[in-house]
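Here's the structure, in structure tokens; my notes come after.
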Amino acid sequence: MKSEPDVYSIDHLKKAKTDYWDGIRNYQARNFIRDEMDKGDLAFFYHSNCEEPGIVGIMTVHKPAYPDFTAFDPDEKYFDPKSDPENPRWLMVDVRYVRKLKRPLSLKELKLYKPLETMRLLQRGNRLSVMPVTEKEWNYILELENEVPKK
DNA sequence: GCCAACGTTGGC
DNA sequence: GCCAACGTTGGC
């Protein structure tokens, strides 16, 4: 799950412990959280659109998909008048902080590993803010944490 | 700040 | 339903 650290970083979540993940305004991303996420599932926290984009931490789904109430509030950045409270268009999940990675795994580094080249995150033109990670990819990434950064 | 790659909008 | 114009994302 991607977030711009200037807006909401892993440290924000660490402090909050549990928080709602709002602002998903893309149907494909919404469908992922609606159809693929259950309570207890693990997710990577990814810093996007920043100096060093990459995976920085781990969190868990604390509450499965429910209506993104920020879509109903005209004062909110992600207000969407087309999302009817009676039939909400956008959803959010609650996430809980688990831990930071022992070292951040930059996008640049992730691209160097063959077993990760099929990762959705690394596909060209990918702009989704939420996307699935396979078990293989997940485990591989967790091992990278303990290794000396590949240059 | 640039721009490629998308997604969305709206006229037809 | 097509598609041009426009807006957004996000790496660089």
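In what follows, every chain begins at residue 1, and chains take the letters A, B, ... in the order their sequences are listed. For clarity, every value in this text was computed on a predicted model and none was experimentally measured.
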What is the distance, rounded to the nearest whole Å, between atom CH2 of A:Trp90 and atom C1' of B:dG7?
-> 10 Å
Return the 5'-most residue of the pair A:Gly125, A:Asn49 with respect to DNA chain B, ranking by each residue's nearest nucleotide.
-> A:Asn49
Donor + acceptor pair across side chains of A:Glu109, A:Ser106 (<3.5 Å) = no
Residues A:Asp11, A:Lys100: salt bridge by 4.0 Å N-O rule = yes
Residues at least two apart in sequence or cross-chain that pass ring pair (Phe, Tyr, Trp, His ring centres under 6.0 Å) with A:Phe72, listed by chain then number, are none
Mind checking ring pair (Phe, Tyr, Trp, His ring centres under 6.0 Å) for A:Tyr78 and listing every partner two or more places apart, or none if nothing turns up?
-> none
When we call it a touch if two heavy atoms are under 4.0 Å apart, what does A:Lys82 touch: a base, just sugar-phosphate, or nothing?
-> sugar-phosphate
Would you mind telling me which of B:dT8, C:dG10, C:dC12 lies closest to the side-chain atoms of A:Ser129?
-> C:dG10
Rounded distance in Å - CE (A:Met131) to C1' (C:dT9) | 11 Å
In whole angstroms, the gap separating P of C:dT8 from CG of A:Asn26 amounts to 14 Å
Nearest to the side chain of A:Tyr46 - C:dG10, B:dG7, C:dG11?
-> C:dG11
Hey, are A:Asp94 and A:Tyr66 close enough side-chain-wise for a donor-acceptor pair under 3.5 Å?
-> yes
Value in whole Å for how far the P atom of C:dT9 lies from CG of A:Leu121 | 17 Å
Does OP1 or OP2 of C:dG10 have a side-chain N or O of A:Lys2 closer than 4.0 Å?
-> yes
In whole Å, what is the span from the NE2 atom of A:His47 to the P atom of C:dG11?
-> 12 Å
Expressed in angstrom and rounded to an integer, what is the separation of A:Leu122 atom CG from C:dG10 atom C1'?
-> 14 Å
Rounded to whole angstroms, how far apart are CG on A:Leu128 and C1' on C:dT9?
-> 10 Å
Closest listed nucleotide, where the reference is the side chain of A:Arg124 and the choices are B:dA5, C:dG10, C:dC12 = B:dA5
Write down the distance between CG (A:Leu110) and P (C:dC12), rounded to a whole number of angstrom.
-> 11 Å
Considering only side-chain heavy atoms of A:Ser48, which listed nucleotide, B:dG7, B:dA5, C:dG11, is closest?
-> C:dG11
